[in-house]
Amino acid sequence: MAVRVRMAPSPTGLLHIGNVRTALFNWLYARHEGGEFRLRIENTDTSREVAEAVDQIQESLRWLGLDWDGPHTFQLDRMDDCRRVADELLAAGRAYEDEGAIRFRMPNEGSTGWDDVVRGRVEIPNETIEDLVLVRSDGRPTYNFASPLEDVWDGITHVIRGEDHISNTPKQINIIEAVGAEIPVYAHVPNVSGADGKKLSKRHGAVTVDEFRKDGYLPEALMNFLALLGWAPDGETTIMRQEELIERFTLGRVSPSPAQFDYQKLDWMNGVYLRELPPDEFAHRLVIWLGENGYDWDAELVTRAAPLVQEKIARLAEFPGFAGFFFGEVEPDPVDLEGGGPMLESAHTAVASVEPFDASSIEWVLRQTADGLGLKPRQAFQPVRVAVTGSKVSPGLFESIELLGREETLTRLQAAASVAAG
RNA sequence: GCCCCCAUCGACUAGCGGUCCAGGUCGCGGCCCUUUCAAGGCCGUAGCACGGGUUCGAAUCCCGUUGGGGGCACCA
């Protein structure tokens with residue numbers, strides 16, 4: 001039978017990275033097996049907020065590259081079918097009415113178990129499972145009733161979800177057995193927590209896909225990182241692109257123990273992906289990111305500045321801090337200019353006449369200048385760097401000057417020289 | 001309280017009875033390179049939670065303890 005899995009988010013707010021990780025495992029499994037990955041919205045109403053959340057969920061999935069098969073479905077559309085099944089269960093004596101609600105009779109003896117693909121055999125004593133409410137007194141089916149039914153109706157073969165659903169599983173298995181359908185294969189993947197072992201939340205850092213996007217992470221890096229949270233192909237390989245992940249992913253190698261989200265490692269990995277991008281592609285991503293985040297900087301200039309920072313940043317969001325001096329005024333801290341007066345003045349003279357105006361000529365002439373003043377390169381170039389870029393940390397100085405242009409460089413050098421002179 | 005899950009360096013993990021005085025990656029420390037910051041190169045740091053078994057032999061299997069986590073709704 002062809003594999004069919006699903007992601008079933010409830011449309012409340014933005015897509016949480018933990019849910020994305022679970023979705024990723026579903027998606028990787030489906031693609032690896034040549035099966036289908038479905039998207040099912042577990043909504044209980046049809047408000048405007050729901051519609052917006054659905055849009056955001058889809059946008060986030062698309063950004064990450066997780067495509068789903070067929071149209072997405074809504075749980076709400078199946079409420080009548082759920083109620084019909086509840087009535088049948090009632091008629092068959094498998095359920096009973098209780099204060100206007102309909103409850104399912106769970107077995108009281110023995111146990112309900114399943115062979116979990118990531119945990120092995122799990123067995124829950126039936127006496128600890130209470131009679132599940134199928135339909136509320138207001139007529140709405142409950143999650144633990146609707147969800148397994150939908151899995152049956154959708155032909156879901158493998159239910160891959162977070163471990164917080166382990167305790168729901170025996171309830172759902174009993175429901176599915178009661179309607180005489182086949183029990184899907186279950187795989188409960190470990191949770192993702194913050195550095196303190198607690199549920200990953202805002203105070204740990206970014207948690208929604210939108211936030212990671214805004215922070216300047218690449219979707220391919222995020223996917224690679226997420227895949228490695230609870231899964232590893234061999235313990236050696238860490239950088240894997242989409243095709244390789246699909247090719248190597250198996251549920252059997254998903255670890256049963258929870259993982260902590262390590263933002264430092266994500267940053268490192270994102271840097272790896274950033275550096276490996278062809279320069280024009282890197283520039284392209286920057287232009288898009290800047291546009292999405294309210295910078296109306298000239299795309300041509302961004303493209304020319306991009307190569308100067310590609311090796312230096314780990315996230316696209318670091319670009320403005322690193323290369324902002326190309327796009328606007330600069331205000332050097334006088335403290336960083338102290339004692340740099342002579343070098344700044346000499347540099348001004350040198351830059352004014354250097355020909356051709358390119359990085360290597362500028363470097364040569366500035367080194368000559370430093371030499372003439374008896375200064376070591378690092379002492380000589382620091383005030384120049386601060387004058388030109390406004391910071392002690394910047395892209396390569398000579399390339400930066402070349403791109404900035406002679407006129408603007410001279411202006412900044414002169415301004416800094418007068419500050420340094422006091 | 002009850003039920004369930006989990007347990008290898010600070011983190012992510014490899015390891016599925018001998019090839020492990022435990023390997024890779026991030027982080028961290030040092031050195032090199034160097035116009036700053038990065039990147040890169042080299043070296044290093046650090047771990048099988050504890051106690052019992054089983055076995056010729058255990059990080060690997062079993063039991064217990066401890067410690068984490070999840071769940072016990074007419075939420076999803």
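Residue numbers begin at 1 in each chain, while the letters A, B, ... track the order of the sequences. All values derive from a computational prediction rather than experimental measurement.
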J.: In whole Å, what is the span from the CG atom of A:Leu134 to the C1' atom of B:A73?
T.: 15 Å

J.: Checking base pairs now: Watson-Crick or wobble, both atom distances under 3.5 Å. What partners B:C2?
T.: B:G71

J.: How is A:Ala259 classified with respect to the nucleic acid when contacts are heavy atoms under 4.0 Å: base, sugar-phosphate, or nothing?
T.: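 Answer is sugar-phosphate: A:Ala259 comes under 4.0 Å of backbone atoms only.
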
J.: So does A:Arg378 get a side-chain nitrogen or oxygen closer than 4.0 Å to the phosphate oxygens (OP1/OP2) of B:U34?
T.: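 No, no such contact exists.
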
J.: Assert yes or no for the condition that the ring centre distance of A:Phe37 to A:Trp68 is strictly below 6.0 Å.
T.: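 Aromatic pair excluded; centres sit 6.0 Å or further apart.
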
J.: Could you state the CD-C1' distance from A:Gln310 to B:A39, rounded to the nearest angstrom?
T.: 11 Å

J.: Please give, in whole Å, the distance from B:A38 C1' to A:Ile313 CD1?
T.: 11 Å

J.: Taking atom P in both B:C3 and B:U65, what distance in whole Å separates the two?
T.: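 Comparing P positions in B:C3 and B:U65 gives a spacing of 12 Å.
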
J.: Measure from the side chain of A:Pro256, starting at C-beta and using heavy atoms only, and say which of B:A7, B:C12, B:U35 lies closest.
T.: B:A7

J.: Please measure how far the C1' atom in B:U66 lies from the corresponding atom in B:U25, and state the result in whole Å.
T.: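 Pairwise C1' distance, B:U66 against B:U25, rounds to 30 Å.
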
J.: When all nucleic acid strands are considered with a 4.0 Å heavy-atom cut-off, which category describes A:Thr128: base, sugar-phosphate, or nothing?
T.: sugar-phosphate

J.: P atom, B:G69 versus B:C74: distance in rounded Å?
T.: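 After rounding to an integer number of Å, I get 26 Å for this pair.
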
J.: Go ahead and name the base partner of B:A14; Watson-Crick or wobble counts if both distances stay under 3.5 Å, otherwise write none.
T.: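 Answer to the pairing question: none, since B:A14 forms no Watson-Crick or G-U pair.
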
J.: At under 4.0 Å between heavy atoms, what does A:Leu397 touch on the DNA or RNA strands: base, sugar-phosphate, or nothing?
T.: base

J.: Tell me what A:Gln264 touches on the nucleic acid: a base, only sugar-phosphate, or nothing, going by heavy atoms under 4.0 Å.
T.: sugar-phosphate

J.: B:G40 phosphate, OP1 or OP2: any side-chain N/O from A:Arg275 under 4.0 angstrom?
T.: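 For B:G40, OP1 or OP2 has a side-chain N or O of A:Arg275 closer than 4.0 Å.
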
J.: What is the nucleic acid contact for A:Pro125, judged by heavy atoms within less than 4.0 Å: base, sugar-phosphate only, or nothing?
T.: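 Result for A:Pro125 = sugar-phosphate.
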
J.: Counting side-chain heavy atoms from C-beta on, which of B:C5, B:G71, B:A11 comes nearest to A:Glu163?
T.: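 Minimum distance to the A:Glu163 side chain belongs to B:C5.
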
J.: Between B:C5, B:C12, B:A76, which nucleotide has the shortest distance from any of its atoms to the side chain of A:Leu229?
T.: B:C12

J.: Over all strands shown, is A:Arg253 touching base, sugar-phosphate only, or nothing at heavy-atom distances under 4.0 angstrom?
T.: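 Counting heavy atoms under 4.0 Å across all strands, the contact made by A:Arg253 is with sugar-phosphate only.
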
J.: When rounded to the nearest Å, what value does the distance between P atoms of B:C31 and B:C21 take?
T.: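 About 32 Å, rounded to a whole number of Å.
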
J.: For A:Arg121 and B:C61, give me the distance from atom CZ to atom C1', rounded to whole Å.
T.: 20 Å

J.: Is it the case that the ring center of A:Tyr217 lies less than 6.0 angstrom away from the ring center of A:Tyr263?
T.: no

J.: Is A:Ser147 touching bases, backbone alone, or none of the nucleic acid, heavy atoms closer than 4.0 Å?
T.: nothing

J.: Heavy atoms only, 4.0 Å cut-off, all strands: where does A:Ser257 land among base, sugar-phosphate and nothing?
T.: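 Contact class for A:Ser257: sugar-phosphate only.
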
J.: The side chain of A:Pro377 is closest to which nucleotide in this list: B:A76, B:C26, B:U35?
T.: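 In terms of side-chain proximity for A:Pro377, the closest of B:A76, B:C26, B:U35 is B:U35.
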
J.: Please confirm whether the shortest side-chain N or O distance from A:Arg367 to OP1 or OP2 of B:U35 is below 4.0 Å.
T.: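 For A:Arg367, the contact criterion (side-chain N or O under 4.0 Å from OP1 or OP2 of B:U35) is met.
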
J.: Hey, can you tell me if A:Phe249 and A:Trp231 have their rings parallel, tilted or perpendicular (30° and 60° cut-offs)?
T.: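 Tilted: the ring planes of A:Phe249 and A:Trp231 meet at 30° to 60°.
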
J.: Specify the separation, in whole Å, of atom CD of A:Glu318 and atom P of B:A38.
T.: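 Result: 11 Å.
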
J.: Is a donor-acceptor contact shorter than 3.5 angstrom present between the side chain of A:Thr142 and the base of B:C74?
T.: no

J.: I'd like to know if A:Lys265 reaches the base of B:U25 with its side chain, counting only an N/O donor and acceptor under 3.5 Å.
T.: yes

J.: Determine, step by step, whether A:Gln75 and A:Glu150 satisfy the side-chain hydrogen bond (donor to acceptor under 3.5 Å, both in side chains) criterion, reporting the C-alpha distance in whole Å, the side-chain angles of both residues, the deciding distance to 0.1 Å, and the verdict.
T.: CA-CA 8 Å; A:Gln75 184 171 84; A:Glu150 288 193 282; 3.0 Å; yes

J.: Give the nucleotide from the list B:A76, B:C37, B:G27 with an atom nearest to the side chain of A:Tyr143.
T.: B:A76

J.: Just how far, in rounded Å, is P of B:C3 from CZ of A:Arg119?
T.: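 About 19 Å, once rounded to whole Å.
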
J.: Salt bridge or not for A:Arg140 and A:Asp138, using N-O below 4.0 Å?
T.: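 A salt bridge links A:Arg140 with A:Asp138.
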
J.: When the P atoms of B:C56 and B:C20 are compared, how many Å lie between them, rounded to an integer?
T.: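 Those two atoms are separated by 23 Å.
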
J.: Determine the Euclidean distance between corresponding C1' atoms of B:C9 and B:A14; express it in Å to zero decimal places.
T.: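 It works out to 13 Å between them.
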
J.: Fit a plane to each ring of A:Phe74 and A:His72, take the angle between them on a 0 to 90° scale, and name the class: parallel (under 30°), tilted (30 to 60°) or perpendicular (over 60°).
T.: perpendicular

J.: Tell me which nucleotide among B:C3, B:G24, B:C5 gets nearest to the side chain of A:Glu236.
T.: B:G24

J.: Would you measure the distance from the P atom in B:A58 across to the matching atom in B:C42 and give it in whole Å?
T.: 37 Å

J.: Counting heavy atoms from C-beta on, name the nucleotide in B:A76, B:U36, B:C26 closest to the side chain of A:Asn168.
T.: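 In terms of side-chain proximity for A:Asn168, the closest of B:A76, B:U36, B:C26 is B:A76.
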
J.: Determine which nucleotide pairs with B:U35, using a 3.5 Å limit on both distances of a Watson-Crick or G-U wobble pair.
T.: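 Here B:U35 is not engaged in any pair, so there is no nucleotide opposite it.
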
J.: When you get a sec, tell me which of B:C37, B:U36, B:C74 is the closest nucleotide to the side chain of A:Ser394?
T.: B:U36

J.: Just checking A:Gly396: base, sugar-phosphate only, or nothing, at a heavy-atom cut-off of under 4.0 Å?
T.: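 The residue A:Gly396 makes base contact.
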
J.: In the structure shown, which nucleotide is the Watson-Crick or G-U wobble counterpart of B:U65, with both distances under 3.5 Å?
T.: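 Base-paired to B:A49.
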
J.: I need the CE-P distance between A:Met343 and B:U35, as an integer number of Å.
T.: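 Value for this atom pair: 13 Å.
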
J.: A:Arg385 near the nucleic acid: base, sugar-phosphate alone, or nothing, with a heavy-atom cut-off under 4.0 Å?
T.: base

J.: Please determine if A:Glu407 and A:Arg412 form a salt bridge, counting it only when a charged side-chain N lies under 4.0 Å from a carboxylate O.
T.: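 So A:Glu407 does not pair with A:Arg412 through a salt bridge.
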
J.: So what does A:Lys198 touch, heavy atoms closer than 4.0 Å: a base, only the sugar-phosphate, or nothing?
T.: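 Sugar-phosphate, no base atom in range.
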
J.: For A:Phe327 and A:Phe325, I'd like to know if the aromatic rings sit close, meaning centre-to-centre distance below 6.0 Å.
T.: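 No, too far apart.
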
J.: By the 4.0 Å heavy-atom rule, please label A:Asp98 as base, sugar-phosphate, or nothing.
T.: base

J.: Nearest nucleotide by nearest heavy atom, which residue falls closer to the 5' end of RNA chain B, A:Pro258 or A:Glu399?
T.: A:Pro258

J.: Return the nearest nucleotide to the side chain of A:Lys312; candidates are B:A7, B:C4, B:A38.
T.: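 Minimum distance to the A:Lys312 side chain belongs to B:A38.
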
J.: Measure CZ/A:Phe398 against C1'/B:U36 and give the value in whole Å, please.
T.: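 Computing the A:Phe398:CZ to B:U36:C1' distance gives 10 Å.
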
J.: Are any of the side-chain nitrogens in A:Asp164 or A:Lys199 under 4.0 Å away from the carboxylate oxygens of its partner?
T.: no

J.: Please step through side-chain hydrogen bond (donor to acceptor under 3.5 Å, both in side chains) for the pair A:Arg161 and A:Thr169, ending with a clear verdict.
T.: CA-CA 10 Å; A:Arg161 58 191 358 178; A:Thr169 305; 3.1 Å; yes

J.: Return the nucleotide paired to B:C42: Watson-Crick means purine N1 to pyrimidine N3 with N6-O4 or O6-N4, wobble means G-U with N1-O2 and O6-N3, both under 3.5 Å.
T.: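 Per the H-bond distance test, B:G30.
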
J.: Would you indicate what A:Asn144 reaches in the nucleic acid, counting non-hydrogen atoms under 4.0 angstrom: base, sugar-phosphate, or nothing?
T.: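 Base contact - A:Asn144 has a heavy atom under 4.0 Å of at least one base atom.
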
J.: How would you label the contact of A:Glu130 with the nucleic acid (heavy atoms, under 4.0 Å): base, sugar-phosphate, or nothing?
T.: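 Counting heavy atoms under 4.0 Å across all strands, the contact made by A:Glu130 is with sugar-phosphate only.
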
J.: Only pairs with both distances under 3.5 Å count, Watson-Crick or wobble alike; so what is the partner of B:A58 in this structure?
T.: none

J.: Using the C1' atom as the point on both nucleotides, what is the distance between B:G30 and B:U35, in whole Å?
T.: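 Their C1' atoms lie roughly 23 Å apart.
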
